[in-house]
K.L.:
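First the structure, which I've put down as structure tokens, then a few questions once you've had a look.
Note: hydrogens, waters and symmetry copies are ignored here, and every other heavy atom, side chains too, is used. Chain naming here is simple, since letters A, B, ... match the order of the sequence lines and numbering starts at 1 in each.
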Protein chains: 2
Amino acid sequence: MSKIDEVAKLARVSKGTVSNVFSQKRPTSKEVTERVLRASRELNYVPNQIARSLVTKRTMAIGLTIPHGRFFFSAFHTQFINSVVLEAARYGYRVLLDMIPAQDIATPFLASYPIDGAVVMDPREADDRIELMQREGIPFVTIGRVQATAPTPTVDNDNRKIVRDICDYLFALGHGRIAFLNAGVSTTVAADRRESFLEAMAGRGVRIEPWMMFHKPELSDERYSNYGYEETKRVIEDSGGRATALIADDDRTAFGCLHALKELGLDVPNDISVFVICGDDSMLTRSTPALTSMDLRPADLGARAVTTLLRMLGIVDGDVDERCIVDSGIVERSSCAAAPNQGRNRVER
Amino acid sequence: MSKIDEVAKLARVSKGTVSNVFSQKRPTSKEVTERVLRASRELNYVPNQIARSLVTKRTMAIGLTIPHGRFFFSAFHTQFINSVVLEAARYGYRVLLDMIPAQDIATPFLASYPIDGAVVMDPREADDRIELMQREGIPFVTIGRVQATAPTPTVDNDNRKIVRDICDYLFALGHGRIAFLNAGVSTTVAADRRESFLEAMAGRGVRIEPWMMFHKPELSDERYSNYGYEETKRVIEDSGGRATALIADDDRTAFGCLHALKELGLDVPNDISVFVICGDDSMLTRSTPALTSMDLRPADLGARAVTTLLRMLGIVDGDVDERCIVDSGIVERSSCAAAPNQGRNRVER
DNA sequence: CTGAAAGCGCTTACAG
DNA sequence: CTGAAAGCGCTTACAG
């Protein structure tokens, strides 16, 4: 790894000129540019990003903060992360994975985060990360609503509308007794979806019963990976078999639902319908039946999050929306059908 | 963000002393330490990682390079990445996601990678990344065998043994006509598994037929996400229904297999057995039947890769193994059973 | 279009 | 145990 001085000497120019050639911040004559490039190639030179960062105050990296120490990625996360990395790369930015709870970091005295900004996934109602970012003065955009003293830019789906749309879709099929396996209790997205669900049900004149709403356990909870399976059994049992439709939070959950229903001898969608929020085609079509879903467009969310952040940083031109809503749409497959007649799917015990 | 000078002045010590307190590289008297810490807190000071990196030559970040621009994570990837991030954090290291093909990077003139080392996933027989790392002088460990001029440390499963074990397992159940849906052609892991499969079959006296070996399409190929589904149909058709067992490369592929077999009216495991290499319990138990698998211990691989890399960097004590093999083991579930009598699963057409 | 020099915010011998 | 000073490898006004 040679340094800028050596290149400058070999190309018979000043360090400043070498710098200009690589940063392209000031024009350089064609002849000089070529001489510098040739010298650089000869010496295998590439600018040192760290030294550059020290003076430009730009690390050229953004943080992607995902809560949890241990985690599972759903299809949503996978597509989202993929898109964030790709979009960031378009502007020469790299992505630092950052998903460690602060208390689990080894070093007692942390150095500053070498990132220019952050994308905060799955925000909670009370989220340490928000406060941390604000204290450190790191610009960030959240994926989903957040509770903060100062307003912070957010990229999100319209979660209230999503649940309303799903309920309307199921209502139209004659369903009324719907159980909702919601996201984690402490997340803001779960709160919004919960409210919207309650409203939709009230609008339809359905009295809410306890078996109609569950929340995904924390990742640290061993019941996490059996969420769909176990709560589906509860739903069927507690509802006395009256439930005619299930809304599952993600693909993993939905597979658990299907598994439980199969064990109970219930047919999907004839006895009971299953609707899943997000998941990708290559998995959702693998089950029997293929799962009808709401496409949350995670790739759009990721790309918008990055451009919003880069706008905040002045890298990309354009105004930053305080609240950017990404469209979503129902993808019909085969797991939802007209509700069975009352009691048809009652379980024998 | 205040700087070291301000803290030094407030604490009435030199910059060097403030530095020592935070780096803990030289002892500092208790009294002075406390004064510095108090001043730091008051000024909300934290050392600037970039400035520190410039002189220490340590970025405190490792790169995780995953091939492809677009990607799907299998359960294997998810658990592996998770483990890498966690293990790195134990030593104060962060993880930079790096999965962009070089030709897709926007900036024509790249600055140096601000990482101390890299973990290279899914190496190919001819892999640009290896050459790049070597040219840039970045220490790296590969997950899987690699073709390189100089030997490079590798953390891996014993892929030959894995396939041998799987074949032995299936042989013991009476299977002989086995189709192998292998990893991508260009990967070294696929090559090792292929050879081992061929050996095992030869040892058993089975003549290899074309329908017995397939390779996963490149991610850029649209057939990628239907690999398991489509090739399973091919296997059944081309073998004239004589195949009695399928080995699938990963969970996603296996779900595709199951889907195809169901459409063909073949019962798993009575008509045909399915064995999957890797996948996690929370998905593998969701299908009908639950999938018997080889547990590759991705979390162990990730942790070992990080410690090996940090040893190369002199961060962690200990010798670095040129080749570190992580154990694997069969997890029996319900998708493999005794082979049916010859022709029992012949498909009617 | 190009150069000389200061400076980004730390760490690290060297000296005491 | 602590300090003064040089230096890490760049970029950026300033001057021409």
K.L.:
Pairs of donor and acceptor atoms involving the side chains of residues 308-319 of chain A, under 3.5 Å and at least two apart or interchain, shall be tabulated with distances.
P.N.:
from: Thr308(A); atom 1: OG1; to: Arg304(A); atom 2: O; distance (Å): 2.7
from: Arg311(A); atom 1: NE; to: Asp317(A); atom 2: O; distance (Å): 3.3
from: Arg311(A); atom 1: NH1; to: Asp319(A); atom 2: O; distance (Å): 2.9

K.L.:
Please identify each residue that fulfils salt bridge (charged side-chain N to carboxylate O under 4.0 Å, His left out) with Glu322(B), with sequence neighbours left out.
P.N.:
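Per chain and number, Glu322(B) pairs via salt bridge (charged side-chain N to carboxylate O under 4.0 Å, His left out) with no residue.
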K.L.:
For Arg58(B), what residues pass the salt bridge (charged side-chain N to carboxylate O under 4.0 Å, His left out) criterion, not counting sequence neighbours?
P.N.:
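Here no residue qualifies.
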K.L.:
Among residues at least two apart in sequence or on other chains, which ones pass salt bridge (charged side-chain N to carboxylate O under 4.0 Å, His left out) with Glu42(A)?
P.N.:
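Glu42(A): no salt bridge (charged side-chain N to carboxylate O under 4.0 Å, His left out) contacts found.
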K.L.:
Is any side-chain heavy atom of Ile50(A) closer than 4.5 Å to one of Thr59(B)?
P.N.:
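In contact.
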K.L.:
So what stems show up for DNA chain C if we need 3 or more Watson-Crick or G-U pairs in a row, all under 3.5 Å?
P.N.:
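Listed by first number, the stems are C:1-3 with D:14-16, C:5-12 with D:5-12, C:14-16 with D:1-3.
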K.L.:
dG16(D) and dT12(D): how far apart are their C1' atoms, nearest whole angstrom?
P.N.:
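My reading of the C1' atoms in dG16(D) and dT12(D) gives 16 Å.
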K.L.:
Residues two or more places apart in sequence or in another chain: which of them pass side-chain hydrogen bond (donor to acceptor under 3.5 Å, both in side chains) with Asp156(B)?
P.N.:
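Scan of Asp156(B) (side-chain hydrogen bond (donor to acceptor under 3.5 Å, both in side chains), adjacent residues dropped) gives Asn159(B).
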K.L.:
Do any side-chain atoms of residues 9-17 of chain A form donor-acceptor pairs under 3.5 angstrom with protein atoms, and if so which ones, sequence neighbours left out?
P.N.:
from: Ser14(A); atom 1: OG; to: Gly16(A); atom 2: N; distance (Å): 3.4
from: Ser14(A); atom 1: OG; to: Thr17(A); atom 2: N; distance (Å): 3.3
from: Ser14(A); atom 1: OG; to: Thr17(A); atom 2: OG1; distance (Å): 3.3

K.L.:
With sequence neighbours excluded, tell me which residues meet salt bridge (charged side-chain N to carboxylate O under 4.0 Å, His left out) with Glu131(B).
P.N.:
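Applying salt bridge (charged side-chain N to carboxylate O under 4.0 Å, His left out) to Glu131(B) gives none.
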K.L.:
For every nucleotide of nucleotides 8-14 of chain C, 5' to 3': is a protein heavy atom under 4.0 Å from its base (B), only from its sugar-phosphate (S), or from neither (-)?
P.N.:
BBBBBBB
